[in-house]
Amino acid sequence: MQAWRVHENGEPGEVMRLGEVDRPVPGPGQVLLRVRAANINFPDALLCRGQYQIRPPLPFTPGVEICGETEDGRRVLANPALPYGGLAEYVVADEAALLPAPEALDDAEAAALHIGYQTGVFGLHRRAHLQEGETLLVHAAAGGVGSAAVQLGKAAGARVIGVVGGPEKAAVARELGCDLVIDRRTDDIVAAVKEATGGRGADVIFDPVGGDAYAKSAKCVAFEGRIVIVGFASGSVPAPALNHALVKNYSIVGLHWGLYAQKGPASILRCHEQLTELAAQGAIKPLISERVPLKDAAAAVQRVADGTTTGRVVVVPDGAAR
């Protein structure tokens with residue numbers, strides 16, 4: 001089969017190589033899946049760089065999220081078992097963790113549903129307890145995880161403010177349903193949020209960026225607000241001033257969604273059922289900006305790493321639609 005592999009750590013566009021390899025062999029409790037679509041996530045870039053919390057042995061295949069097909073023809077969502085990631089024609093995955101692909105979504109959309117939207121649900125509802133009528137601020141609102149948070153916030157009845165970088169991403173955020181869009185390159189985030197909320201600030205802030213985005217968040221979070229720390233796409237891990245959180249009476253909440261697979265796997269299934277229902281209602285729909293063939297996967301991962309994409313970029317292997 002064809003698969004991309006990383007033989008040394010570095011930038012995805014430089015270290016990913018496409019070649020012919022043997023199909024992976026399922027171990028105990030695993031199944032072989034044909035990849036119908038593989039969604040690219042920022043962790044795929046971190047895996048290539050050797051900067052992710054999981055470091056598979058070299059060489060490995062990136063790709064942590066797919067829509068696949070079982071040998072008996074079932075369409076499922078899976079997180080491939082590394083080092084046999086999803087940027088390949090076949091993967092292995094834990095059978096117990098397979099989820100049915102929602103009928104309302106095509107393969108590319110389904111491949112982009114699992115990690116980003118589960119992160120949004122757990123972050124907004126389980127960790128931050130977002131309420132109807134509250135104001136939600138989403139950093140990187142036109143990105144993969146951010147776009148999911150925007151849709152989920154709107155579905156929950158929140159007023160959503162999206163922060164983006166540049167006019168193209170601002171247009172995407174408006175299409176996603178943001179009530180207000182702030183361009184961090186030209187607008188004063190703190191002033192704009194305070195003006196939009198009558199000086200109160202945002203009740204919940206969803207931050208997959210870190211760095212300066214967090215610093216701005218701390219300046220415009222509401223009384224009893226919650227800042228949800230999802231990731232550090234900026235490459236800068238902030239050092240929160242805890243005295244500031246005390247004086248302003250807000251919460252800093254961490255989210256490591258992957259831990260729920262170990263500590264509460266039943267909650268992932270319940271979340272998937274909720275997301276499937278929202279997809280059937282048309283309340284959520286992953287924003288797929290690009291569908292690329294397998295041969296172009298390395299360049300696509302590099303674009304995601306560089307932060308130049310909007311929504312989701314999904315790799316569709318040749319013949320996957322058959």
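What you see is a predicted model; the values in this text were computed from it and never measured.
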Under 3.5 Å, is there a donor-acceptor pair linking the side chains of Gln151 and Tyr117?
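On atom types as modelled, these side chains qualify, holding a pair under 3.5 Å.
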So, for [X] and [Y], which heavy atoms are closest and what is the spacing to 0.1 Å?
| X | Y | answer |
| --- | --- | --- |
| Ala141 | Val138 | CB-O, 3.7 Å |
| Glu69 | Arg36 | OE1-NH1, 2.6 Å |
| Gly311 | Ser147 | CA-OG, 4.4 Å |
| His139 | Ser217 | NE2-OG, 2.8 Å |
| Val230 | Pro208 | CB-CA, 4.0 Å |
| Lys219 | Lys248 | O-NZ, 3.8 Å |

Side chain to side chain, [X] and [Y], heavy atoms closer than 4.5 Å:
| X | Y | result |
| --- | --- | --- |
| Glu95 | Gln30 | no |
| His272 | Leu113 | yes |
| Arg303 | Asp306 | no |
| His114 | Trp257 | yes |
| Val163 | Val181 | no |
| Ser289 | Thr310 | yes |
| Pro102 | Leu77 | yes |

Between His244 and Tyr250, is the ring centre distance below 6.0 Å?
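Aromatic pair counts; centres sit under 6.0 Å.
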Could Arg34 and Tyr90 be counted as a cation-pi pair, given that NZ or CZ must be under 6.0 Å from the ring centre and within 45° of the axis?
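Output no; distance or angle outside limits.
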